[in-house]
Undergrad: 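I have a structure I would like to understand better, so I am pasting it below and will then ask my questions one at a time.
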Amino acid sequence: MLDRLSLRQRLLLFFAAMTAGGVGAVVAGLWFGYRQFGDPDALSAFVTAGAVAGFAILGLVAGIWFLFDENVGRALDRLAAGMRAQAHAESAGIFDAAPGRYLGDLGPAATAVTDALSETRAALADAVERETGRLQKEKARLEALLSDVPAGVLLCSGTHQLVFYNGPASDILGTTPGLDRRVFDHLREAPLLHAYERLVAAGDAEAVADLMVATRDGAKVLSGRMRLLDRGGSTGYVLTLRDVTGDLAAHAGRDRLLEDIFDRIRRPAANLQTVIGVMDVAEDKAALNAALIEEVGALAGSVNDLADRYDAARGSWNVLPATRAADLLDGFRARVEAAGLTVKSEAADLIVRCDGFEVVALLARLAKRLGVASVSLEVSEDGPGAMITLGWEGQALSVGTLEAWLADPIDPAAGEVTGRSVLAAHATECWPEWQDGQAAIRLPIREARRAGAKVAPIARHVVYDFDLLMKSAPADLADTPLDRLTYVVFDTETTGLLPEDGDEIVQIAGLRLVNGRRVPGEVFDMLVDPGRTIPPKATAVHGISDTMVAGAPNVVEALKRFHRFTEGAVLIAHNAPFDMTFLRRREKETGRVFDHPILDTVLLSAVVYGQTESHSLDALSSRLGITIPEEARHTAIGDTIATAEAFLKLLPMLKGRGVETFGDVLTEVRKHGRLLKDLNA
């Protein structure tokens, strides 16, 4: 029983025992004196003297206890909390020995210990940094290589939890997948389970399974390949994905076009065959001629219409790369100058959609066959596309000659690829022109754009935690170690402090913590339209005005999205009852229940530092050496980051006090119910 009491509670019991002993001794002495004196009339005097002595002893001991508690009990608690912060929380600021000014050499001794610890830690950190520098560089190179893989890559544990994902995977799925979340939150479950079960049953580490899977909302169809990854008895798998939605649409369009071709040509052809068959025996030749002309006209119209549709669609059947016009000119110059020709070139700063190798090979082949010593090549804008002009001085080229050249292979290295097939692949044509002694061949490209001054950024990131591969099946929450849980730290900004009077959320932010660290990129930060005017006093605090939230999602939509972000996680907030009130009051409208386990950094601070200390976010950040930029204070994301940093530093301090599981922390925080209500049922 006594082991559960804090130092200050034990001191209080000690002084209470002293008071009781002193009062008891006075009462016993007076009683003994009275019995010896034996005068009944003196009883009231003895009682009065005993009462005065008792109250005097009580007052004296209470005063001494108060001074002792303030200068010894609380001082020892503060020194212990400071030393624990230095021991367990990195970068916890400078150790403050001032509370120990009445404790003799204890304060300086504690300072010496913490300074020595800091020096040892710094020296160890330097040594570790030197020894691991090479590994960090290799790791960075590997991450850079993995981030450039064009396919989407997911690595999942045997329980189908995400362990790794790259930037293309986020692009393909249209969202940030989230470490330690089920892959089935993003992809249909059945195709993945069937492929996984086939591979496990096969028992071959080199086996792969090809599959086709749709996203959860059915908006995209993905082609995938799965390979098992056996690590330490945990059978996870690697999943590579490619978006084939456009390919399927292109194939479907091609099939529809072929169906139309056969349908619209078959009937006029049959009618023509019938008309021609009866021409010799028919009496009304004029009517038959009119019918024949009508059917021929219908057939010609169908052929022309279908040809136009084919020309319009065939460009989408082949995905052509984006090529800079200057690169086309450089490739062309290299080829024709090697053949002894002089080249004059000019190009607008364009990005053209074409197969650069095939186009350059075709243009170089035509230039070499012209039989001239000098040619020019120009790439210019032409509406939504570009115009490539191959020019020379001399005799114009005939259409027949050009058609004959287009029937030949463009390059020995290109196999049977002809100029005509290159034009077909690009859904275009080329033709000869001649004007004022200047001959040319013009080749239009259907799609081009101006090159921007700033290169568009490409998502180059990989997010992973391979320790998740070894994560065991989830135990009861109360028995789960704190550093094995997944958390979402969050904060809200509101129109005011009274939700019961109609105040609403104007901003909500959150970030995920997995395996005791922040996950880069897994951040939720959203402005919210509260559906009411934001008071100037509230704007003065968080800086959010009515103009800023105009067009933002309303409260119901924002809470639906935030609930999806928090699925399967423990929620953490600073002064959680306030924020949770705004989340839970809309549960009927959103159809989402915020029944997550909850931790409050106010209560965690009380567990570590004691209930009498200040537990505001600013005070806690100051004690733990966390800097909140002034511009980020009282913004949802700024306070969320500060709360997350505080929690990560409190975590080892709690563990140092023997608070290791979620059940342990609930037991401790419920001792501070007078400070703040614990929201866990």
Side-chain angles (χ1 to χ4, degrees), residues 311 314-315 318-453 455:
D311 289 339
R314 63 179 176 172
N318 298 309
V319 180
L320 297 172
T323 307
R324 188 174 288 271
D327 295 340
L328 289 177
L329 295 187
D330 186 68
F332 176 80
R333 181 186 294 276
R335 281 178 172 258
V336 298
E337 285 181 347
L341 277 68
T342 303
V343 182
K344 179 182 178 182
S345 59
E346 181 181 354
D349 193 11
L350 298 175
I351 303 294
V352 294
R353 184 71 68 176
C354 69
D355 186 319
F357 171 79
E358 291 187 349
V359 171
V360 167
L362 172 59
L363 293 171
R365 178 68 172 170
L366 294 176
K368 294 174 185 177
R369 301 191 71 169
L370 290 173
V372 296
S374 177
V375 295
S376 65
L377 188 69
E378 180 184 0
V379 183
S380 58
E381 286 188 89
D382 184 37
M387 179 64 72
I388 301 177
T389 303
L390 173 63
W392 68 93
E393 292 185 1
Q395 187 176 357
L397 190 66
S398 67
V399 174
T401 302
L402 178 59
E403 288 295 328
W405 290 358
L406 292 175
D408 295 334
I410 59 173
D411 189 279
E416 298 300 320
V417 178
T418 65
R420 179 53 59 191
S421 64
V422 172
L423 296 178
H426 290 76
T428 189
E429 293 287 345
C430 68
W431 60 88
E433 287 186 358
W434 187 86
Q435 185 176 5
D436 299 331
Q438 180 73 28
I441 296 175
R442 292 188 176 273
L443 171 60
I445 300 295
R446 292 161 55 97
E447 185 179 345
R449 61 177 174 81
R450 276 274 175 184
V455 178

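The analysis underlying the following values was restricted to heavy atoms, covering all of them including side chains, and did not include hydrogens, waters or symmetry mates. If you're wondering where the values come from, they're calculated on a predicted model, not measured in any experiment.
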Undergrad: For E393, what residues pass the side-chain contact (heavy atoms from CB on, under 4.5 Å) criterion, not counting sequence neighbours?
TA: Q438
Undergrad: Quick check: do L390 and L443 have side-chain heavy atoms less than 4.5 Å from each other?
TA: no
Undergrad: Scan the side chains in residues 333-342 for donor-acceptor partners under 3.5 Å anywhere in the protein, sequence neighbours excluded, and list what turns up.
TA:
from : atom 1 : to   : atom 2 : distance (Å)
R333 : NH1    : E337 : OE2    : 3.2
R333 : NH1    : V343 : O      : 3.4
R333 : NH2    : S345 : OG     : 2.6
R335 : NH1    : D411 : OD2    : 2.9

Undergrad: So, taking the atom named NZ in K344 and the one named CG in L377, what distance separates them when rounded to the nearest 0.5 Å?
TA: 12.5 Å
Undergrad: Name each donor-acceptor pair under 3.5 Å that joins a side chain in residues 354-372 to protein atoms two or more places apart or in another chain, with its distance.
TA:
from : atom 1 : to   : atom 2 : distance (Å)
D355 : OD1    : F357 : N      : 3.2
D355 : OD1    : E358 : N      : 3.2
R369 : NH1    : D408 : OD2    : 2.6

Undergrad: Locate the shortest heavy-atom distance separating T418 from A407; write the atom from each residue and the value.
TA: CG2-O, 3.4 Å
Undergrad: Does V379 reach the side chain of F332, with side-chain heavy atoms less than 4.5 Å apart?
TA: no
Undergrad: Kindly give the heavy-atom pair with the smallest separation between V352 and A386, and that separation in Å.
TA: CG1-CB, 3.8 Å
Undergrad: Which pairs, with at least one residue in residues 374-386 and sequence neighbours excluded, count as a salt bridge (charged side-chain N to carboxylate O under 4.0 Å, His left out)?
TA: E381-R450
Undergrad: State the CD1-CD1 distance between I388 and I445, to the nearest 0.5 angstrom.
TA: 4.5 Å
Undergrad: Please answer whether the main-chain N or O of G394 pairs with a side-chain N or O of W434 as donor and acceptor at a distance below 3.5 Å.
TA: yes
Undergrad: Distance-only, no hydrogens or angles: does the T428 side chain make a donor-acceptor pair with backbone N or O of P444 under 3.5 Å?
TA: yes
Undergrad: Identify, with sequence neighbours excluded, every residue that meets side-chain contact (heavy atoms from CB on, under 4.5 Å) alongside E403.
TA: V399, L406, R420
Undergrad: Is there a side-chain contact between R324 and D349 (heavy atoms, below 4.5 Å)?
TA: yes
Undergrad: Can you sort out the partners of E433 under salt bridge (charged side-chain N to carboxylate O under 4.0 Å, His left out), two or more places apart, ordered by chain and number?
TA: R442
